[in-house]
Amino acid sequence: NGVSALAFSPDGQVLASGYGYSVGAIHLWNTATGELIARLEGHRSSVSGLLFAPDGRTLYSASEDQTLRAWDIPQRRQSARWQGHTLGVTGLGLAPEGRTLVSCAGDGTLRT
């Protein structure tokens, strides 16, 4: 299983890596030491996108399992889950105000 998505926290202290194929896991790494901080599990298929909120406390993930998830980084747990695409989510973006999440998928749709 290879790395399929990467995102740095806004302060650069954490690197999130998502894994492909059937794993669906997200690893959080300390960028100064290279130490694994946490493993976030919940997706049932490959992680296709990762994005930190501007405050660094929330990580958003997209997956081929047709879901988006929000992760509470200090608590190391999933805080929200959204589904609505009929094919795998291929990308995500966050508006500059930090509240509007947009996703796109293989089904040709955009969702907010």
Legend entry - Residue pairs involving residues 47-71 (criterion salt bridge (charged side-chain N to carboxylate O under 4.0 Å, His left out); sequence neighbours excluded): Asp65-Arg69

Legend entry - Residues in side-chain hydrogen bond (donor to acceptor under 3.5 Å, both in side chains) contact with Ser48, at least two apart in sequence or another chain: none

Legend entry - side chain to side chain contact (heavy atoms under 4.5 Å, CB included) between Ser103 and His85, worked out: CA-CA 9 Å; Ser103 60; His85 292 290; 2.7 Å; yes

Student check: side-chain heavy atoms of [X] and [Y] closer than 4.5 Å:
{"X": "Leu28", "Y": "Leu15", "result": "no"}
{"X": "Ile37", "Y": "Arg76", "result": "yes"}
{"X": "Leu101", "Y": "Thr112", "result": "no"}
{"X": "Val102", "Y": "Arg111", "result": "no"}

For [Y], is there any backbone N or O sitting under 3.5 Å from a side-chain donor or acceptor partner on [X]?
{"X": "Ser46", "Y": "Gly24", "value": "no"}
{"X": "Ser17", "Y": "Leu6", "value": "no"}
{"X": "Ser4", "Y": "Val47", "value": "yes"}
{"X": "Ser9", "Y": "Gln13", "value": "yes"}

Can you list everything that forms a side-chain contact (heavy atoms from CB on, under 4.5 Å) with [X]? Sequence neighbours excluded, please.
{"X": "Arg39", "value": "Val23, Ala25, His27, Glu41"}
{"X": "Leu87", "value": "Asp107"}
{"X": "Ala70", "value": "Thr58, Tyr60, Ser79, Ala80, Trp82"}

Result block: side-chain N/O donor-acceptor pairs under 3.5 angstrom for residues 90-98, not counting sequence neighbours:
unit_1: Thr90; atom_1: OG1; unit_2: Cys104; atom_2: O; d: 3.4
unit_1: Glu97; atom_1: OE2; unit_2: Arg99; atom_2: N; d: 2.7
unit_1: Glu97; atom_1: OE2; unit_2: Thr100; atom_2: N; d: 2.6
unit_1: Glu97; atom_1: OE2; unit_2: Thr100; atom_2: OG1; d: 3.0

Legend entry - side chain to side chain contact (heavy atoms under 4.5 Å, CB included) evaluation trace for Phe52 with Ile73: CA-CA 10 Å; Phe52 275 94; Ile73 296 305; 4.0 Å; yes

